[in-house]
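Notes for the one structure printed next.
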Amino acid sequence: MILIKLGGSIITNKEKPLSARRKTIDNLSKSLKKIDEPVIIVHGGGSYGHYWSVKYDMHTKERKYDLRGVAIVKNSMIELNKIILDSFLKNRLNPYCLPPTDFMSGNKPIAKKVKEIQKIAKSGLIPVTFGDALWYGQNKTFILSGDKIMTHLAKILKPRLCLFALNEDGLYSDLKSKKLIYELKGEKPSISKNKMDVTGGMTRKVDEATKIAKMGMNVFFVNGNKPERIVKAIKNKKYEGTLFRGKRNV
Ligand code: IPE
């Protein structure tokens with residue numbers, strides 16, 4: 001089984017509020033069609049969810065955020081999710097929409113529900129979930145990032161590979177020269193902070209990827225603009241991007 005996160009930066013235009021990159025989404029759908037292993041898709045918020053969560057000052061910490069913000073973030077994620085589901089359908093994939101409320105209770109995943117997602121994926125349907133604003137309890141809410149969902153799912157389902165589709169070739173050892181890091185074997189790279197993202201941007205991704213690799217699974221950062229690289233990584237185990245080697249594979 002494979003877990004794939006479609007980052008907000010690849011499926012939306014982060015410079016422009018509420019703009020989806022429909023052509024890129026279609027290209028990703030076409031590539032997913034070529035994969036004959038069970039997959040689970042998680043997508044981010046980009047210029048939908050992130051845009052509104054910044055406007056309403058909402059973060060990953062559980063707090064009493066503006067209720068208007070909660071409603072609007074949720075609504076915008078449904079809108080982006082619909083664009084992705086439509087693209088999947090158009091490209092003859094069978095998505096099975098699963099908002100995170102289906103398998104989360106507060107900030108904890110419900111193991112039984114998560115295991116059900118695996119069964120859904122094995123049937124041939126493609127479970128699709130996403131980062132969202134979630135109810136925590138005692139009138140508190142929080143932003144659950146798609147990256148965090150990847151860690152929750154990986155921990156319970158132990159997929160063969162976790163893939164993060166980004167708007168970059170992978171991680172760079174040097175931002176100026178864009179020198180790509182091809183492989184990491186347990187060490188954690190240092191990343192400069194991106195203040196714009198409520199859920200921490202690249203820092204969060206690297207944190208979650210490192211956690212998943214420590215649990216033993218391979219994690220691969222790949223350019224979502226080159227979806228054939230996703231197919232190659234899954235089919236031929238040829239990694240053109242940054243591979244975080246899982247502890248059991250080092
Ligand atoms: C989006 O999830 C969460 C919201 C702000 C609703 P992510 O944090 O995973 O989104 P991207 O991939 O970084 O845009």
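In listed order, ligands and their atoms are each counted from 1.
Using cut-offs of 30° and 60° on the angle between ring planes, the pair His59 and Tyr65 is tilted.
Judged by distance alone, the side chains of Glu62 and Asn107 do bring a donor and an acceptor atom under 3.5 Å apart. The closest side-chain donor-acceptor pair between Asn225 and Arg21 falls under 3.5 angstrom. Between Asn13 and Ser47, the side chains place no donor N or O within less than 3.5 Å of an acceptor N or O (distance only, hydrogens not considered).
Ligand 1 is approached by Lys5 to a heavy-atom distance shorter than 4.0 Å.
Not one N or O of Gly49 is nearer than 3.5 Å to an N or O of ligand 1, by distance alone. Residue Gly45 has at least one nitrogen or oxygen atom sitting less than 3.5 Å from a nitrogen or oxygen atom of ligand 1, judged on distance alone. Between Gly46 and ligand 1, a contact under 3.5 Å exists for at least one N or O pair. At least one N or O atom of His50 sits closer than 3.5 Å to an N or O atom of ligand 1. By the 3.5 Å distance cut-off applied to N or O atoms, Val73 is not counted among the residues near ligand 1.
Atoms of ligand 1 found under 4.0 Å from any heavy atom of Ile143, numbered from 1 in the order shown, are 3 (C), 4 (C), 5 (C). Within ligand 1, the atoms closer than 4.0 Å to a non-hydrogen atom of Gly7 are 12 (O), numbered from 1 in the order shown. Remark: ligand 1 atoms within the under-4.0 Å shell around heavy atoms of Lys205 are 12 (O), 13 (O). Within ligand 1, the atoms closer than 4.0 Å to a non-hydrogen atom of Asp147 are 9 (O), numbered from 1 in the order shown.
Residues Lys64 and Asn139 share a closest heavy-atom pair of CG-O, 3.5 Å. Of all heavy-atom pairs between Ala165 and Ile10, the closest is O-CG2, 3.4 Å. The two residues Ala154 and Leu3 have their closest heavy-atom pair at N-CD1, 3.7 Å. Closest of all the heavy-atom pairs between Phe221 and Lys205 is CZ-O, 3.7 Å.
Residue contacts with ligand 1 for His43 are absent, since no atom lies close enough (heavy atoms, distance under 4.0 Å). The side chain of Lys14, and not its backbone, has at least one atom closer than 4.0 Å to an atom of ligand 1 (non-hydrogen atoms only; side chain from C-beta on).
Between the Arg160 side chain and the Met217 main chain, no donor and acceptor come within less than 3.5 Å of each other.
For atom 7 (P) of ligand 1, the choice among Gly131, Gly146, Ser53 with the nearest heavy atom turns out to be Gly146.
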